Amino acid sequence: MLKEQTAIVTGGSRGIGRAICLELAQKGADIALVYAGNTQAAEETAAACRALGVKAQCYQCDVADFEAVKETVGKIKADFGGVQILVNNAGVTRDGLLAAMKQADFDAVIDTNLKGAFHFIRHVTPLMMRARYGRIVNISSVSGIMGNAGQTNYSASKAGLIGLTKATARELAGRNVTCNAVAPGFIATDMTKALVEKNSEAIVGSIPLGRVGNPEDVAKAVSFLAGPDSTYITGEVLRVDGGMAM
Ligand code: NAP
């Protein structure tokens, strides 16, 4: 169903991004996997994609670096031909209370989570506009919808992604490029491991469906928005949170 399409997945080495790579590969998409530094995890995920019969290649690139992203998109275009799907998933946390939040921690989170998505959209959309086809999915968070104490930087970055998604959706709709966001709740990955282990009861208690999510729960929503069953959906924010933020 996604055969002969190429998907860029940022932060594809681990966690939610890994599950997105595998889900899209399962549907037949070739995968350009972007990661920060964990080459072993990236190569392992790419190998798992190739085992599903698609082409998969890894690109080490800091999404926060505008010029590095430009260069990486150029390499991906040369290696794959075109790009039909872009999933902006790379993200970090630098949690801390507002009163003690360091400027560097605020900037690092905005630079990676929000500007990183802008950088990829900026460099990939000329290809999509020319082809008059594209599917962009940005990974936001319930923190960007509800706000979360101790995460002013992260919540701001994830709320910003929702604005970026809607403005991009309006600008590119005329070129048949859709742009949507997925807002996960608590998902079991490296990012949340310590928090979930420490506060398991309180966290599960705040989720109507009574469980923490799996990376695959998010990947299925992303693959829907990246595929042929969502052609009339753009500018949407799809929560995948077990009902947490309703
Ligand atoms: P994770 O397990 O910590 O993985 C983060 C991924 O992002 C890794 O692949 C990492 O690459 C990559 N990355 C980080 N900084 C990067 C940079 N500057 N340039 C390129 N790649 C970078 O995180 P996750 O839990 O899967 O989260 C994935 C996304 O979902 C994030 O945007 C996160 O904010 C969002 N989210 C997660 C949850 C949750 O509960 N887990 C909830 C809501 C939203 P390396 O492996 O090379 O380090």
Side-chain angles (χ1 to χ4, degrees), residues 8-23 31-46 58-69 71-73 76 86-95 105 107-120 137-148 151 153-162 164-165 181-197 199-200 203-204 206-207 211-219 221-222 237-242 244-245:
I8 296 180
V9 181
T10 71
S13 46
R14 294 183 282 127
I16 293 170
R18 181 181 196 278
I20 292 169
C21 287
L22 291 171
E23 183 69 26
I31 305 294
L33 186 164
V34 175
Y35 70 105
N38 198 333
T39 304
Q40 196 182 334
E43 289 297 347
E44 193 275 325
T45 300
C58 300
Y59 300 85
Q60 185 169 11
C61 168
D62 179 1
V63 299
D65 182 335
F66 185 87
E67 289 301 325
V69 171
E71 198 180 306
T72 298
V73 171
I76 293 170
L86 167 64
V87 184
N88 285 306
N89 164 78
V92 292
T93 52
R94 297 275 188 283
D95 295 353
D105 287 339
D107 288 348
V109 170
I110 297 290
D111 286 352
T112 301
N113 299 8
L114 179 56
K115 287 175 74 179
F118 161 67
H119 296 156
F120 266 93
V137 184
N138 296 321
I139 307 300
S140 179
S141 165
V142 291
S143 298
I145 296 172
M146 305 164 72
N148 194 19
Q151 287 196 318
N153 48 1
Y154 185 79
S155 301
S157 74
K158 294 299 184 178
L161 271 178
I162 292 174
L164 176 67
T165 298
V182 169
F186 271 108
I187 309 297
T189 68
D190 294 343
M191 184 180 272
T192 52
K193 205 168 175 218
L195 198 67
V196 170
E197 273 168 12
N199 304 308
S200 166
I203 288 171
V204 170
S206 71
I207 304 169
R211 68 169 176 90
V212 167
N214 303 312
E216 292 72 24
D217 293 323
V218 181
V222 171
V237 182
L238 178 53
R239 288 185 295 106
V240 181
D241 64 353
M244 195 180 164

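Just so it is clear, the values below take in all heavy atoms, side chains as well, and ignore hydrogens, waters and symmetry mates. Only a predicted model underlies this, so the values are computations on that prediction, with no experimental measurement involved. Counting begins at 1 with the first residue of the sequence. Both counts, for ligands and for their atoms, begin at 1 and track the order of listing.
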Sub-4.0 Å atoms of ligand 1 with respect to non-hydrogen atoms of Thr192: 39 (C), 40 (O), 41 (N)

Neighbour count above 12 (heavy atom, 6.0 Å) for Glu71 CD: no

Gap separating the CE atom of Met191 from the OG1 atom of Thr93, nearest 0.5 angstrom: 5.0 Å

Identity and separation of the nearest protein heavy atom to atom 5 (C) of ligand 1: Gly91 O, 3.8 Å

Closest approach of any protein heavy atom to atom 37 (C) of ligand 1, naming residue and atom: Ile16 CD1, 3.6 Å

Residue and atom name of the nearest protein heavy atom (relative to atom 36 (N) of ligand 1), distance in Å to one decimal: Tyr154 OH, 3.4 Å

Nearest-contact summary for atom 25 (O) of ligand 1 - protein heavy atom, Å: Thr189 OG1, 2.5 Å

Ionic contact status for Asp65 with Lys115, cut-off 4.0 Å: no

Proximal atoms of ligand 1 relative to Ser141 (non-hydrogen, under 4.0 Å): 43 (C), 44 (C)

Atom 1 (P) of ligand 1: nearest protein contact (heavy atom, Å): Arg14 NH1, 4.0 Å

Ile76 and Ile8: CA distance, side-chain angles, deciding distance, side-chain contact (heavy atoms from CB on, under 4.5 Å) verdict: CA-CA 8 Å; Ile76 293 170; Ile8 296 180; 3.8 Å; yes

Backbone or side-chain N or O of Asn89 under 3.5 Å from ligand 1 N or O: yes

Ligand-residue contact atoms, ligand 1 with Cys61, heavy atoms, under 4.0 Å: 19 (N), 20 (C)

From the candidates Ala36, Ala188, Ser140, the one that places a heavy atom nearest atom 22 (C) of ligand 1: Ala36

Element-labelled atoms of ligand 1 that are located less than 4.0 Å from some non-hydrogen atom of Phe186: 40 (O)

Closest protein heavy atom (residue, atom, distance) for atom 42 (C) of ligand 1: Gly185 O, 2.9 Å

Numbering as shown, the atoms of ligand 1 that approach Ser13 to under 4.0 Å (heavy-atom distance): 8 (C), 9 (O), 11 (O), 45 (P), 46 (O), 47 (O)

Nearest-0.5 Å distance, OG1 of residue Thr45 to OH of residue Tyr35: 11.0 Å

Criterion side-chain contact (heavy atoms from CB on, under 4.5 Å) on Ile187 and Val212, from CA distance to verdict: CA-CA 6 Å; Ile187 309 297; Val212 167; 5.6 Å; no

Minimum heavy-atom distance between Val9 and Gly17, given as atom pair plus value: CG1-O, 3.8 Å

Asn138 vs Thr165, side chain to side chain donor-acceptor pair (under 3.5 Å): CA-CA, chis, key distance, verdict: CA-CA 7 Å; Asn138 296 321; Thr165 298; 3.0 Å; yes

Protein residue, atom and distance nearest to atom 12 (C) of ligand 1, heavy-atom basis: Gly11 CA, 3.5 Å

Spacing of Leu161 atom CG and Leu164 atom CG [to the nearest 0.5 Å]: 6.0 Å

Val92: numbered ligand 1 atoms lying under 4.0 Å from its heavy atoms: 14 (C), 15 (N)

Those atoms of ligand 1 less than 4.0 Å from some heavy atom in Asp62: 17 (C), 18 (N), 19 (N)

Heavy-atom nearest neighbour of atom 17 (C) of ligand 1 within options Val218, Val63, Val182: Val63

Ile16, Val87, Val137 screened by side-chain contact (heavy atoms from CB on, under 4.5 Å) with Val182, the one that passes: Val137

Side chain, backbone, both or neither: the part of Ala41 lying under 4.0 Å from ligand 1 by heavy atom: neither

Spacing of Leu22 atom CG and Glu216 atom CD [to the nearest 0.5 Å]: 8.0 Å

Test item: Leu238 and Val222 side chains (from C-beta on) under 4.5 Å apart, heavy atoms: no

Identity and distance of the protein heavy atom lying nearest atom 40 (O) of ligand 1: Ile187 N, 2.8 Å

Short N or O distance, Asn113 and ligand 1, threshold 3.5 Å exclusive: no

Side chain, backbone, both or neither: the part of Arg18 lying under 4.0 Å from ligand 1 by heavy atom: neither

Lys158 vs Ile162, side-chain contact (heavy atoms from CB on, under 4.5 Å): CA-CA, chis, key distance, verdict: CA-CA 7 Å; Lys158 294 299 184 178; Ile162 292 174; over 6 Å; no

Closest non-hydrogen atom pair between Arg94 and Ala108, with its separation: NE-CB, 4.4 Å

Sub-4.0 Å atoms of ligand 1 with respect to non-hydrogen atoms of Asn38: 45 (P), 46 (O), 47 (O)

Short N or O distance, Gly17 and ligand 1, threshold 3.5 Å exclusive: no

